[in-house]
Amino acid sequence: MTNSQEPHTLTHKLRKPLVEKVRRERINSSIEQIKSLLGAEFLQQQPDSKLEKADILEMTVCVLRQLQQQNEKQRRLLNHVNKMQSSSDKNLREADFSLLSSTVQTSISKEKSPVNSDPWRPW
């Protein structure tokens with residue numbers, strides 16, 4: 001090794017444990033946040049045991065899958081309701097048009113047929 005590479009290698013060797021420590025701290029912090037967010041779920045699954053990081057991650061995956069399935073069910077239900085509402089709205093529009101059409105037809109036929117009543121006079 002040359003003298004110019006020695007300081008770089010030494011710096012790298014000193015820095016590597018520090019970078020690893022920061023990485024582990026980030027992982028541990030995130031796992032603690034998961035534990036606090038999903039605390040009730042963890043208590044239901046394993047109330048008296050100390051959870052390892054792997055257990056926390058596995059349980060988190062299960063909870064996220066359940067949420068994903070619930071969201072999918074809700075999305076399907078919402079789509080179904082929207083389709084039913086759209087179909088219902090279409091039927092109502094057709095019924096309104098049919099009612100309007102028959103009202104107009106009745107009105108037109110009354111105008112055409114002679115009526116034996118006195119004309120209306122405002123005085």
* **Worked verdict on E20 versus R24 for salt bridge (Lys or Arg N to Asp or Glu O under 4.0 Å)** => CA-CA 6 Å; E20 180 63 20; R24 282 193 314 269; 3.8 Å; yes

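Two residues are said to be in side-chain contact when any heavy atoms from C-beta on lie closer than 4.5 Å; L18 and L14 fail this criterion. I27 has its side chain within reach of R23: a pair of non-hydrogen atoms, C-beta onward, lies under 4.5 Å apart. Annotation: side chain of E58 is in contact with side chain of D55 (closest heavy-atom distance under 4.5 Å).
Every residue two or more places apart in sequence or in another chain that forms a side-chain hydrogen bond (donor to acceptor under 3.5 Å, both in side chains) with E72 is listed here: R75, R76.
Here the CG-CD distance, from L64 to Q69, works out to 11.5 Å after rounding to the nearest 0.5 Å. We find the NZ-OG distance between K35 and S30 to be 13.5 Å, quoted to the nearest 0.5 Å. Atom CD of Q68 and atom CZ of R65 lie 8.5 Å apart (nearest 0.5 Å). To the nearest 0.5 angstrom, L38 atom CG is 11.0 Å from L51 atom CG.
Put simply, L67 and I34 are part of the same group of oily side chains (I, L, V, M, F, W, Y) that touch within less than 4.5 Å, one to the next.
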